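Working notes, beginning with the structure itself.
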Number of protein chains: 2
Amino acid sequence: MLEKTWLMLDAFRPTGGPLRLVDIAHRCQLPKSTALRLLNDLTELGVVVRRDGRYLLGRRLFELGSIVPLERDLRHAALPFMHDLFEATRETIHLGVRDGLDVVYVEKIRGHESLSLPSAVGGRLPLTCTGVGKVLLAYSGQELLDEVFSRPLRRLTPRSIVDAGRLEEEIGQIQVQGLAYEREEAQLGNACIAAPIFRGGRVVAALSVSLPVARFQPARLAPAVKTAALGVSRVLVKSL
Amino acid sequence: MLEKTWLMLDAFRPTGGPLRLVDIAHRCQLPKSTALRLLNDLTELGVVVRRDGRYLLGRRLFELGSIVPLERDLRHAALPFMHDLFEATRETIHLGVRDGLDVVYVEKIRGHESLSLPSAVGGRLPLTCTGVGKVLLAYSGQELLDEVFSRPLRRLTPRSIVDAGRLEEEIGQIQVQGLAYEREEAQLGNACIAAPIFRGGRVVAALSVSLPVARFQPARLAPAVKTAALGVSRVLVKSL
DNA sequence: CTCTTCGTTCCGTCTCACGGAACTCATTGT
DNA sequence: ACAATGAGTTCCGTGAGACGGAACGAAGAG
């Protein structure tokens, strides 16, 4: 029953709702009566909320999610540097960690005129399609690389890297430069530059600047991103 | 059983762990064997995580919490203005909403040298002890005020307002000025100025600037906070 | 070496989660 | 006007599995 509950909550991805009863039941392959009962229970608990007949994820979930320790400490350490980076570049800043073969975005800073990205805090994208993901991949060791190469590479745009050789080469470059570039591999029109954040010798996260390809100037952005990522790494060493 | 599960997750407040089995069992008034079973289930689901014998809240919770729609839309609308405000003041910025008689912080921006506040995203404080809370209180209607006054006012510091008359008077001032001030009522050494965010004629949130009392200059901060809050209100009207 | 204290395992009891079926209520099509 | 569809909801008999007391093992503390 617990399993069913969390399956239902997952059904709310990626928007958090609003969803109708039947949709939820269908996505989870559950009988309507079962779905209804569980949703009623969850509503009573404040985990989901009902608004004009539809269900949405509720505040209790938000509150608990906000205090998840790993993410919270990382964000706490990284946010000031992300703000520095934002002020220096005026572009969208992302902080992401790895979970399996995905990158999960943990924090984001955007300006008024920000481009709309397929990423959102709490969202997932394939490691191989994003700057943040490629950095994490390049520093996470051989076993992970083997696993990535053991299945076909996912594609989000015509520019996504789907050739294993091409990716391998790029991973090598990233390891040398300490930086990853990405051009329209996650979303057309969008480019990104990313740098790794370390703790105790291992990558724990990555920082990136995303912007329209038209404005993409790697040489200008590279030092700023590197500096910021390094700053976060230094704080992490002390605090965690 | 659902209820027990969420009771257990609440036991992780406010830090998210790490907690020992017995502590969790004790906080929830559950037998050890029951607590163990549930924690095992939750661990398997990725909702909690086990690290050297202790339990912590896990990433699945973080991801789901991040996509809770109400909070997400509000944050999305407010963040650019919060950054403006941060750049103008270089002080800690908060965004909070009301839940019952508490304020729940939904977003926060802080600089490198930031003061450590009792607030954190996902954290709760009594409405009457914070700038954000007092603003929300002042614009949420009479029923809420009645409820607040129907029980003794909570105290966080020697300066917290515990006199009903005093609070009533201040509520009046807030309604006139469209701004709330707070001096060491939530934490000694800390002051704050807050302004309401509206949507469809009702308060939905409040924005605040927090800083050491020594640097507190209401006259300088007031216009910036008001402008930012107004900006958010305008965006909300369009988008939601 | 004994006394705690914590995590873990086991198992008999009985609750309550489960989901099929039937019902209501709009909405749509003919 | 009247079926027909598809939504949300209610009901209830069955049986899986949640429950928690008790006993066990391990690791410190004094």
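Please read all numbers here as calculations on a predicted model, not as lab measurements. Proteins get letters first, then strands, A, B, ... in listed order; numbering begins at 1 in each.
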Legend entry - Residues which pass ring-ring contact (aromatic ring centres under 6.0 Å, His included) with B:F81, listed by chain and number, not counting sequence neighbours: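 Scan of B:F81 (ring-ring contact (aromatic ring centres under 6.0 Å, His included), adjacent residues dropped) gives A:H112.
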Legend entry - Which residue lies more 5' along DNA chain D, comparing A:V22 with A:M1 via nearest heavy atoms: A:V22
Legend entry - Partner set under side chain to side chain contact (heavy atoms under 4.5 Å, CB included) for B:P14, not counting sequence neighbours: none
Legend entry - Pairs where residues 7-44 of chain B contributes a residue and the test ring-ring contact (aromatic ring centres under 6.0 Å, His included) is met, not counting sequence neighbours: none
Quick one: [X] [atom1] to [N] [atom2], roughly how many Å, whole number?
{"X": "A:L38", "N": "D:dG8", "atom1": "CG", "atom2": "C1'", "answer": "16 Å"}
{"X": "A:L7", "N": "C:dC18", "atom1": "CG", "atom2": "P", "answer": "12 Å"}
{"X": "A:Y55", "N": "D:dG8", "atom1": "OH", "atom2": "C1'", "answer": "8 Å"}
{"X": "A:R20", "N": "D:dA7", "atom1": "CZ", "atom2": "P", "answer": "5 Å"}
{"X": "B:L36", "N": "C:dC10", "atom1": "CG", "atom2": "P", "answer": "12 Å"}

Legend entry - Pairing residues for B:R159 by the salt bridge (charged side-chain N to carboxylate O under 4.0 Å, His left out) criterion, not counting sequence neighbours: B:E184
Legend entry - With A:D10 via salt bridge (charged side-chain N to carboxylate O under 4.0 Å, His left out) - residues at least two apart: A:R13, B:R60
Can you pull the salt bridge (Lys or Arg N to Asp or Glu O under 4.0 Å) pairs that have at least one residue in [range], sequence neighbours excluded?
{"range": "residues 74-83 of chain B", "result": "B:R75-B:E107"}
{"range": "residues 142-153 of chain B", "result": "B:E147-B:R151"}
{"range": "residues 32-54 of chain B", "result": "none"}

Legend entry - Stretch residues 39-53 of chain A: residues that reach within less than 4.0 Å of DNA chain C through a heavy atom: none
Inset, instruction - Take nucleotides 20-30 of chain D nucleotide by nucleotide from the 5' end and write B, S or -, depending on whether a protein heavy atom sits under 4.0 Å from the base, only from the sugar-phosphate, or from neither. - result: BB---------
Inset, instruction - Hey, can you tell me if B:Y105 and B:H94 have their rings parallel, tilted or perpendicular (30° and 60° cut-offs)? - result: tilted
Inset, instruction - Rounding to 10 degrees, work out the angle separating the end axes of the helix from C:dC1-D:dG30 to C:dT30-D:dA1 (five pairs an end). - result: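 Answer rounded to 10°: the end axes differ by 40°.
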Legend entry - For B:R154, all residues meeting side chain to side chain donor-acceptor pair (under 3.5 Å), sequence neighbours excluded: none
Legend entry - Minimum side-chain heavy-atom gap A:L2-B:L2 below 4.5 Å: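 Yes, at least one pair of side-chain atoms sits under 4.5 Å.
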